[in-house]
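Worksheet for the structure shown next.
This structure is a prediction, so every number in the text was calculated from the model and none was measured. All heavy atoms count here, side chains included; hydrogens, waters and symmetry mates do not.
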Amino acid sequence: MTTPHDAVVLAGGAARRLGGADKPGVRVGGRALLDRVLAACRGAGRTVVVGDPRPTVHAVRWTREDPPGGGPLAALDAGVREIGAGAGGGAGETGAGVLLVLSADLPFLDEDTVHRLLGALADAPDAEAALLTDAGGRDQPLVAAYRAAPLRRELARIAAERGTLAGGPLRQLTSALRLTRVAAGPLASFDCDTWEDIATARARIREHGTVLDEWITAVKDELGIELDVDTGVLLDLARDAAHGVARPAAPLTTFLVGYAAARAGSEGGPEAVAEAARKAAALAQRWAAEQDEAG
């Protein structure tokens with residue numbers, strides 16, 4: 001069971017290395033970078049994005065650091081406070097005991113990485129934060145799960161010592177916390193700071209081993225579908241329809257299978273898709289058998 005948690009996504013940086021472009025809105029695989037990150041943390045109870053409001057695939061609350069552009073510490077503090085306001089608490093209070101903190105420029109962040117961070121924190125009772133580490137062993141404090149109370153405590157301490165959180169480095173926060181670490185997968189910590197990074201990310205999602213998963217995820221987000229489907233079953237069905245009937249039958253048959261599953265209602269789930277696909281595949285095989293007999 002996933003640890004109950006809220007999420008803060010920082011999306012208000014100046015993106016100077018992108019020439020001041022709207023980095024959270026830059027698209028990779030047809031989806032905005034911000035939407036890709038929000039998909040990875042969709043299990044959060046409350047999600048606050050610190051940045052300028054914009055349309056998003058998933059519902060969020062919005063806030064902004066004061067002053068705007070005050071840096072990650074100030075943005076994080078603003079997000080924590082907004083989480084508390086959404087929970088009905090006072091400034092800085094939060095409903096969940098764990099807060100997931102993410103930057104909005106992580107095109108390959110996925111739910112598995114989020115679950116690993118939450119699980120690592122749950123498995124280390126003395127730890128106050130679980131940080132992702134990249135391939136070089138460097139801590140990623142903006143891909144991390146924090147216990148809410150120590151996080152609020154240290155933000156307040158830094159503000160008191162410096163007089164402001166604006167311009168403060170994140171290491172002032174993490175150096176004061178007891179940490180556990182989670183090694184990143186091959187791409188989980190990849191962030192997009194330059195147009196070269198964006199080009200690399202766009203090329204990566206079109207690689208043979210990942211392009212179908214990327215495309216299916218993009219379509220589901222675009223259509224507001226959260227159903228997990230077995231793409232192998234659907235591809236097999238499309239093959240059977242194309243070979244046993246005619247090529248145009250492949251897309252039409254998969255559409256009809258989806259329509260039949262939708263008619264089964266939300267209770268049908270992936271099983272309804274699998275059952276409809278099984279029936280249609282059997283029909284296509286019967287058509288192919290008749291053709292063989294006629295031949």
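- Residues Leu179 and Tyr146 have side chains not in contact (no heavy-atom distance under 4.5 Å, counting atoms from C-beta outward).
- Pairs passing the side chain to side chain donor-acceptor pair (under 3.5 Å) check and including a residue from residues 240-250, sequence neighbours excluded, read Asp240-Gln285.
- Residues Val101 and Leu177 fall within the same hydrophobic cluster, defined by Ile, Leu, Val, Met, Phe, Trp and Tyr side chains chained together at heavy-atom separations under 4.5 Å.
- The line from CG of Asp105 to CG of Asp197 is 9.0 Å long, rounded to the nearest 0.5 Å.
- Annotation: the span from Arg152 atom CZ to Arg81 atom CZ amounts to 10.5 Å, rounded to 0.5 Å.
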>> Run Val8 and Asp6 through side chain to side chain contact (heavy atoms under 4.5 Å, CB included) and show every step you take.
In response: CA-CA 7 Å; Val8 171; Asp6 296 324; over 6 Å; no
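- Counting heavy atoms from C-beta outward, Arg42 and Asp221 have side chains that approach closer than 4.5 Å.
- Using a 4.0 Å cut-off between charged side-chain N and carboxylate O, Glu214 and Arg204 make no salt bridge.
- Taking all atoms of both residues into account, the shortest heavy-atom contact from Ala78 to Thr63 is O-CG2, 3.8 Å.
- Note: the hydrophobic cluster containing Leu10 also contains Ile158 (ILVMFWY, side chain heavy atoms under 4.5 Å, direct or indirect links).
- A chain of hydrophobic side-chain contacts below 4.5 Å, direct or via other Ile, Leu, Val, Met, Phe, Trp or Tyr residues, connects Trp215 to Val273.
- One finds the CZ atom of Phe190 at 13.5 Å from the CG atom of Leu109 (value rounded to the nearest 0.5 Å).
- Judged purely by atom type and a 3.5 angstrom limit, Arg202 uses its side chain to pair as donor or acceptor with the backbone of Arg27.
- Shortest non-hydrogen contact noted between Ser189 and Leu106 is O-CD2, 4.1 Å.
- More than 12 heavy atoms of other shown residues, nucleotides or ligands fall within 6.0 angstrom of atom CH2 in Trp62.
- Looking only at distances, a side-chain donor or acceptor of Arg147 sits under 3.5 Å from a matching main-chain atom of Ala127.
- Put simply, the side chain of Asp236 never gets that close to the backbone of Val233: no donor and acceptor are under 3.5 Å apart.
- Within a 6.0 Å sphere centred on CD of Glu196, other residues, nucleotides and ligands contribute 12 heavy atoms or fewer.
- Between Val143 and Leu102, some side-chain heavy-atom pair lies under the 4.5 Å cut-off.
- Evaluation of the side chain to side chain donor-acceptor pair (under 3.5 Å) test over residues 111-122, restricted to residues two or more places apart or in two chains, returns Asp110-Thr113.
- Here CG of Leu234 is found 11.0 Å from OG1 of Thr253. Values are rounded to the nearest 0.5 Å.
- Using a 4.5 Å heavy-atom threshold, the side chains of His5 and Leu117 count as separate.
- No donor-acceptor pair closer than 3.5 Å links the side chain of Gln140 to the backbone N or O of Ala144.
- Residue pairs meeting the salt bridge (charged side-chain N to carboxylate O under 4.0 Å, His left out) criterion with at least one partner in residues 163-186, sequence neighbours excluded, are Glu128-Arg178, Asp139-Arg181.
- Thr3 has its side chain out of reach of Leu121: every pair of non-hydrogen atoms, C-beta onward, lies at least 4.5 Å apart.
- The distance from the CG atom of Leu155 to the CD atom of Gln172 is 11.0 Å, given to the nearest 0.5 Å.
- Contact detail for Pro72 and Leu142: the closest heavy-atom pair is CB-CD1, 4.5 Å.
- Neither Leu34 nor Phe108 shares a network with the other; the hydrophobic side chains, linked directly or stepwise wherever heavy atoms of I, L, V, M, F, W or Y lie under 4.5 Å apart, form separate groups for each.
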> Going through the checks in order, is the side chain to side chain contact (heavy atoms under 4.5 Å, CB included) test met by Val114 and Leu118?
Replying inline: CA-CA 6 Å; Val114 167; Leu118 295 170; 4.0 Å; yes
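- Under the 4.5 Å side-chain heavy-atom criterion for Ile, Leu, Val, Met, Phe, Trp and Tyr, Val37 and Val98 are members of the same hydrophobic cluster.
- The CG atom of Leu173 lies 10.5 Å from the CG atom of Asp77; values are rounded to the nearest 0.5 Å.
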>> Walk me through whether Val49 and Leu38 qualify under side chain to side chain contact (heavy atoms under 4.5 Å, CB included).
In response: CA-CA 9 Å; Val49 178; Leu38 292 176; 4.1 Å; yes
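- Arg31 has its side chain within reach of Thr217: a pair of non-hydrogen atoms, C-beta onward, lies under 4.5 Å apart.
- Nearest heavy atom pair, residue Val48 against residue Glu82, reads CG2-CG, 3.7 Å.
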> Which is it for Arg54 and Asp35 under the salt bridge (charged side-chain N to carboxylate O under 4.0 Å, His left out) test, yes or no, and what are the steps along the way?
Replying inline: CA-CA 11 Å; Arg54 70 192 64 225; Asp35 280 333; over 6 Å; no
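- Looking at Lys23, its side chain never comes within 3.5 Å of a backbone N or O of Leu33 through a donor-acceptor pair.
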> Checking side chain to side chain contact (heavy atoms under 4.5 Å, CB included) for the pair Thr231/Leu212: CA distance, chi angles, key distance, verdict?
Replying inline: CA-CA 9 Å; Thr231 55; Leu212 276 181; 5.9 Å; no
